[in-house]
Amino acid sequence: MTNTFPTSLGDVAYDIQGSGPTLVLLPSGAHDRHDFDELRHHLDGRLRTIAMDWPSHGESAPASGPATAVRMADAAEEFVAHIAGEGAIVLGNSIGGFAAARMAVRRPELVDGLVFVDGGGFLPLSPQVRLFCSLMSRPRFLRTIYPTFSARYMRARTDADRRAREAAIATTRANPGLRSISELWGSFASPEHDLRADAASITAPTLVVWGRKDPVIPLRVGRRVAEQIPDARLEVFDSGHVPFTTEPQRFAELLVEFAAQVGEPAMESVR
């Protein structure tokens, strides 16, 4: 069943499946919560998963005002505080990764464990990166390039990869999705999107997952993130920007293992 929750950026649609430790799923920009369908199938109810659509994505309402990275992260923080105020494992892909990591910095009580998947906020802002963000902030350019761009970053091998890519293309075909994604890209070059100085302050157990073939945020960035966040563990997949649509079964087993490790300190404190 689809539910909605009002955030400062607009109402978000979400659904809940399974039982056990809570896992909140934050998708990439232009993508929707159905990116996680195969992953959730392989979890087979072993975790309580809560997946949301960003404003202007999927079944959510249009964004109210500019959909910047920081405003999307604020919306995610509000959502998690409402739906899992006692704390949860928070998984974020791309902009979802930025939102999850920023939440772990700002609201550590909400993040029992962080799963950072090909996430944003740690890429050095070279002149080339700034230029590309500027181009992608132009709706006409974004709409024209997105089919080619998504083919390159998805490196599709599975039906789930291909479905995720088609959904992302559809989001960028017309407003409100086109407008929101262009605004999001424009915000990536802002100082507020840079979390590099905050990485060492993350205290949550952290699993960093990266696609070896990701051309948007290369693996070298993932390696650096894993080095900067205390005691973080890095897992590399032979995939593009969305590893869990390419290898959902392996990713599911990794999550179950991680959730068990996150739960061990809590059990020790009870004894």
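Values reported hereafter were calculated over all heavy atoms of this structure, with side chains retained and with hydrogens, waters and symmetry mates removed.
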- Task: Drop me the distance from D37's CG to D159's CG, to the nearest 0.5 angstrom.
- Result: 12.5 Å
- Item | Stepwise side-chain hydrogen bond (donor to acceptor under 3.5 Å, both in side chains) check, D161 with T158 | CA-CA 5 Å; D161 288 334; T158 67; 3.2 Å; yes
- Message: If you count every heavy atom of other residues, nucleotides or ligands that lies below 6.0 Å from H41 atom NE2, does the total exceed 12?
- Response: no
- Task: Only pairs at least two apart or in different chains count here, so list each ring pair (Phe, Tyr, Trp, His ring centres under 6.0 Å) that has a residue in residues 87-115.
- Result: F98-H193
- Query: Applying salt bridge (charged side-chain N to carboxylate O under 4.0 Å, His left out), which residue pairs with at least one partner in residues 91-105 are found, sequence neighbours left out?
  - Reply: D74-R102
- Query: Is a donor on one side and an acceptor on the other found under 3.5 Å between the side chain of S182 and the backbone of R138?
  - Reply: no
- Task: Please examine the side chains of F258 and L254, heavy atoms only from C-beta on, and report whether any two atoms are closer than 4.5 Å.
- Result: no
- Kindly indicate, with the supporting measurements, whether the criterion side-chain contact (heavy atoms from CB on, under 4.5 Å) is fulfilled by F122 and Q228. CA-CA 10 Å; F122 293 86; Q228 292 173 329; 3.8 Å; yes
- Message: Donor-acceptor pair, distance only, cut-off 3.5 Å: does the side chain of S187 make one with the backbone of A69?
- Response: yes
- Query: Should the pair F149 and F132 be assigned to parallel (<30°), tilted (30 to 60°) or perpendicular (>60°) ring geometry?
  - Reply: tilted
- Message: Under a 4.0 Å threshold between the charged nitrogen and the carboxylate oxygen, would R233 count as salt-bridged to E257?
- Response: yes
- Note on the structure: Nearest heavy-atom approach of L125 to R130 is O-NE, 3.5 Å
- Any side-chain heavy-atom pair from T144 and L142 closer than 4.5 angstrom? no
- Message: Check whether D214 reaches the backbone of P218 with its side chain - one donor and one acceptor, N or O, closer than 3.5 Å.
- Response: no
- Message: Between F237 and R250, is the side-chain contact (heavy atoms from CB on, under 4.5 Å) condition met? List the steps.
- Response: CA-CA 9 Å; F237 280 60; R250 178 190 165 195; 3.6 Å; yes
- Is the backbone of I217 close enough, under 3.5 Å, to the side chain of W210 for a donor and an acceptor to pair up by distance? yes
- Once the angle between the rings of F244 and F251 is folded into 0 to 90°, is it parallel (under 30°), tilted (30 to 60°) or perpendicular (over 60°)? perpendicular
- Message: Is there a side-chain contact between P215 and R155 in this structure, where contact means two heavy atoms from C-beta onward sitting under 4.5 Å apart?
- Response: yes
- Message: Give me the atom names and distance for the closest heavy-atom approach of T49 to L25.
- Response: CB-CD1, 4.0 Å
- Interatomic distance, L9 atom CG to S64 atom OG [nearest 0.5 angstrom]: 5.5 Å
- Query: Side chains of L91 and L255: closer than 4.5 Å at any heavy-atom pair?
  - Reply: yes
- Message: Nearest 0.5 angstrom please: R48 CZ to I89 CD1, how far?
- Response: 12.5 Å
- Answer yes or no: is there a donor N or O on one side and an acceptor on the other, between the side chain of W54 and the main chain of D32, under 3.5 Å? no
- Item | Note, D35 side chain near R163 side chain (heavy atom, < 4.5 Å) | no
- Task: Indicate yes or no: does D15 engage R40 in a salt bridge with an N to O separation below 4.0 Å.
- Result: yes
- Item | Heavy-atom donor-acceptor pair, R165 side chain to P147 backbone, under 3.5 Å | yes
- Please determine if R33 forms a cation-pi arrangement with Y14, meaning its NZ or CZ atom is less than 6.0 Å from the six-membered ring centre and no more than 45° off the ring axis. no
- Which pair of heavy atoms, one from G29 and one from Y146, lies closest together, and at what distance? O-OH, 4.1 Å
- So which heavy atom on P55 is nearest to which on V12, and how close? CD-CG1, 3.6 Å
- Message: L110 vs E77, test: side-chain contact (heavy atoms from CB on, under 4.5 Å). Steps then yes/no.
- Response: CA-CA 8 Å; L110 296 178; E77 189 176 299; 4.3 Å; yes
- R223 atom CZ, neighbour heavy-atom count above 12 within 6.0 Å: no
- Task: Give, for atom CD1 of I181 and atom CZ of R143, the distance between the pair rounded to the nearest 0.5 Å.
- Result: 14.5 Å
- Does the side chain of E38 come within less than 4.5 Å of T245's, by heavy atoms? no
- Message: So which atom in F116 and which in A101 form the shortest heavy-atom distance, rounded to 0.1 Å?
- Response: CE1-CB, 3.9 Å
- Item | Side-chain heavy-atom pair E183, S137 within 4.5 angstrom cut-off | no
- What's the verdict on side-chain hydrogen bond (donor to acceptor under 3.5 Å, both in side chains) for T246 and R157, showing C-alpha distance, side-chain angles and the deciding distance? CA-CA 7 Å; T246 304; R157 299 203 323 254; 5.4 Å; no
- Query: For the atom pair CD1 (I229) and OG1 (T203), what is the distance rounded to the nearest 0.5 Å?
  - Reply: 10.5 Å
- Message: Testing the basics here: between V262 and P205, what is the closest heavy-atom pair and its distance to 0.1 Å?
- Response: CG2-CB, 4.1 Å
- Query: Taking NZ, NE, NH1 and NH2 as the nitrogens, is one of them in D44 or R46 under 4.0 Å from a carboxylate oxygen of the other?
  - Reply: no
- Query: Counting only heavy atoms not in R212, do more than 12 fall under 6.0 Å of its CZ?
  - Reply: yes
- Message: I'd like to know if the side chain of T68 reaches the main chain of L184, judged simply by a donor and an acceptor atom lying under 3.5 Å from each other, with no hydrogens or angles considered.
- Response: no
- Donor-acceptor contact present, side-chain S28 to main-chain H31, <3.5 Å: no
- Test item: R173 side-chain N/O and A168 main-chain N/O as donor-acceptor pair under 3.5 Å: no
- Query: Are E78 and R107 within salt-bridge range, i.e. N to O under 4.0 Å?
  - Reply: no
- Query: When rounded to the nearest 0.5 angstrom, what distance separates CG in L207 from CG in L234?
  - Reply: 8.5 Å
- Item | Verdict with reasoning, D118 to V216, per side-chain contact (heavy atoms from CB on, under 4.5 Å) | CA-CA 9 Å; D118 293 72; V216 181; over 6 Å; no
- Message: If we ignore hydrogens and angles and just use 3.5 Å, is the side chain of T206 paired with the main-chain N or O of I202 as donor and acceptor?
- Response: no
- Task: Compute whether any side-chain donor of one residue and acceptor of the other, for S180 and S56, lie under 3.5 angstrom apart.
- Result: yes
- Is there a side-chain contact between L47 and T22, using heavy atoms and a 4.5 Å cut-off? no
